[in-house]
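Notes follow the structure.
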Amino acid sequence: MISYIKGTIEEIGEDEIVMESQGIGYSIRVPQSVIRSAVVSGQVVKIYTYLYVREDALNLYGFLTKDDLSVFKMLITVNGIGPKGAIGILSNLSADDLRFAVLSDDAKAIAKAPGVGIKTAGKVILELKDRMKLEDAFEKKLEHTLQGEGVSQTAESQMSDAVSALVALGYGSTEAMKAVRSVQDGGAMDAEQLLKAALKNLI
């Protein structure tokens with residue numbers, strides 16, 4: 001099993017990239033999110049991979065994060081969703097957005113992926129809903145948002161603790177996350193200070 005490949009991007013196609021690593025060129029099928037990202041030919045990147053084995057082919061599928069790979073693996077366990085369908089869904093929805101779509105029974109959002117109809121989207125929701133938790137979905141979303149904003153791990157932990165405290169006080173997860181993120185200079189506060197400042201935004 002190939003867990004990941006670290007190498008140089010040699011070619012970028014419509015739905016695949018070619019990476020060279022130790023003299024070997026790997027053709028890797030990727031979601032559009034990878035193609036639309038900042039990757040360029042000649043760039044050294046790390047791609048997390050899944051090797052799909054069929055009688056007549058060996059196909060590599062790749063993702064920029066372990067989370068995307070994990071969601072892809074869940075998707076291909078759904079009856080009627082193969083790797084191509086899973087890639088299509090993840091080209092249209094981020095892993096975070098897909099989790100929220102599943103948990104909120106939003107079949108229309110999932111059905112926007114090419115080749116995925118409402119009936120198949122319903123299967124995705126039915127088969128994956130019990131394997132996803134709303135708390136985990138918000139935690140992942142917060143983590144990815146903070147990483148994208150360049151927030152340190154310590155600050156990220158403090159903000160996550162503050163969100164959890166607000167949820168424990170009875171606020172909704174979305175409301176709590178927005179309140180914590182809206183605190184000015186929140187990255188310089190500890191969890192208790194963040195909580196107090198966030199509560200002021202909720203009053």
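In this text, all values refer to a predicted model and were calculated from it rather than measured experimentally. Note that these values count all heavy atoms, side chains included, but never hydrogens, waters or copies made by symmetry. Along the sequence shown, residues are numbered consecutively beginning with 1.
- Side-chain contact check for Leu75 versus Leu98: some heavy-atom pair is nearer than 4.5 Å.
- Taking OG1 of Thr120 as the reference point, atom CG of Asn79 lies at 9.0 Å (rounded to 0.5 Å).
- Listed here is the closest heavy atom pair of Pro83 and Phe72: O-CE1, 3.7 Å.
- In this structure, Asp161 CG and Leu194 CG are separated by 9.5 Å, a value rounded to the nearest 0.5 Å.
- Two residues are said to be in side-chain contact when any heavy atoms from C-beta on lie closer than 4.5 Å; Met74 and Val102 fail this criterion.
- The backbone N or O of Leu60 sits nowhere less than 3.5 Å from a side-chain atom of Thr49 that would complete a donor-acceptor pair.
- Distance check: Thr8 OG1 to Gln43 CD gives 9.5 Å after rounding to the nearest 0.5 Å.
- Residues Gly62 and Pro31 approach most closely at O-CD, 3.4 Å, considering heavy atoms.
- Taking all atoms of both residues into account, the shortest heavy-atom contact from Ile118 to Ala111 is CD1-CB, 3.8 Å.
- Residues passing the ring-ring contact (aromatic ring centres under 6.0 Å, His included) test with Tyr48, sequence neighbours excluded: none.
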Begin with the C-alpha distance, continue with both residues' side-chain angles, and end with the deciding distance and a verdict on side-chain contact (heavy atoms from CB on, under 4.5 Å) for Ile76 and Tyr50.
CA-CA 11 Å; Ile76 61 176; Tyr50 178 85; 3.6 Å; yes

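- The hydrophobic clustering, which links ILVMFWY residues whose side-chain heavy atoms are closer than 4.5 Å, places Ile9 and Ile24 together.
- A side-chain donor-acceptor contact under 3.5 Å links Arg36 to the backbone of Ser91.
- Formation of a donor-acceptor pair under 3.5 Å by the Ser70 side chain with backbone atoms of Lys66 is not found in this model.
- Residue Leu90 forms a side chain to side chain contact (heavy atoms under 4.5 Å, CB included) with just one option from Val71, Leu69, Val34, Val30, and that option is Val71.
- For Asp67 against Ala95, the heavy-atom pair with the smallest separation is OD2-CB, 3.6 Å.
- The two residues Gly88 and Pro114 make their nearest non-hydrogen contact at O-CD, 4.0 Å.
- Judged purely by atom type and a 3.5 angstrom limit, Ser104 uses its side chain to pair as donor or acceptor with the backbone of Phe100.
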Does the pair Glu127 and Thr77 meet the rule for a side-chain contact (heavy atoms from CB on, under 4.5 Å), with working shown?
CA-CA 9 Å; Glu127 297 188 31; Thr77 65; 5.5 Å; no

Would Ile87 and Phe63 count as a side-chain contact (heavy atoms from CB on, under 4.5 Å) if you check the C-alpha gap in whole Å, the side-chain angles of each, and the deciding distance to 0.1 Å?
CA-CA 10 Å; Ile87 285 286; Phe63 308 88; 3.8 Å; yes

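- In this structure, Ile110 CD1 and Lys123 NZ are separated by 13.5 Å, a value rounded to the nearest 0.5 Å.
- For Glu14 (side chain) and Gln32 (main-chain N/O), no donor-acceptor pair under 3.5 Å exists by modelled atom type.
- Val44 and Tyr4 are assigned to two separate hydrophobic clusters, defined by single-linkage of ILVMFWY side chains at heavy-atom distances under 4.5 Å.
- Applying the ring pair (Phe, Tyr, Trp, His ring centres under 6.0 Å) test to every pair with at least one member in residues 103-130, sequence neighbours left out, gives no pairs at all.
- Here side chain to side chain donor-acceptor pair (under 3.5 Å) pairs that include residues 106-119, with residues two or more places apart or in two chains, number zero.
- Between Leu199 and Leu166 the shortest side-chain heavy-atom distance falls below 4.5 Å.
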Side chains of residues 15-22: which donor-acceptor partners sit under 3.5 Å, not counting sequence neighbours?
| from | atom 1 | to | atom 2 | distance (Å) |
| --- | --- | --- | --- | --- |
| Glu16 | OE1 | Ser27 | OG | 2.9 |
| Ser21 | OG | Lys6 | O | 3.1 |

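- Residues forming a salt bridge (Lys or Arg N to Asp or Glu O under 4.0 Å) with Lys84 (at least two apart in sequence, or on another chain): none.
- Residues Ile28 and Ile2 share a hydrophobic cluster, clusters being chains of Ile/Leu/Val/Met/Phe/Trp/Tyr side chains in contact below 4.5 Å.
- Applying the side-chain contact (heavy atoms from CB on, under 4.5 Å) rule to Leu58 yields the partners Leu51, Val53; only residues at least two apart in sequence or on another chain are considered.
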Step-by-step side-chain contact (heavy atoms from CB on, under 4.5 Å) determination, Leu128 to Arg131
CA-CA 5 Å; Leu128 295 187; Arg131 299 167 62 181; 3.7 Å; yes

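- Surrounding CD of Glu10 are more than 12 heavy atoms belonging to other residues, nucleotides or ligands, all under 6.0 Å away.
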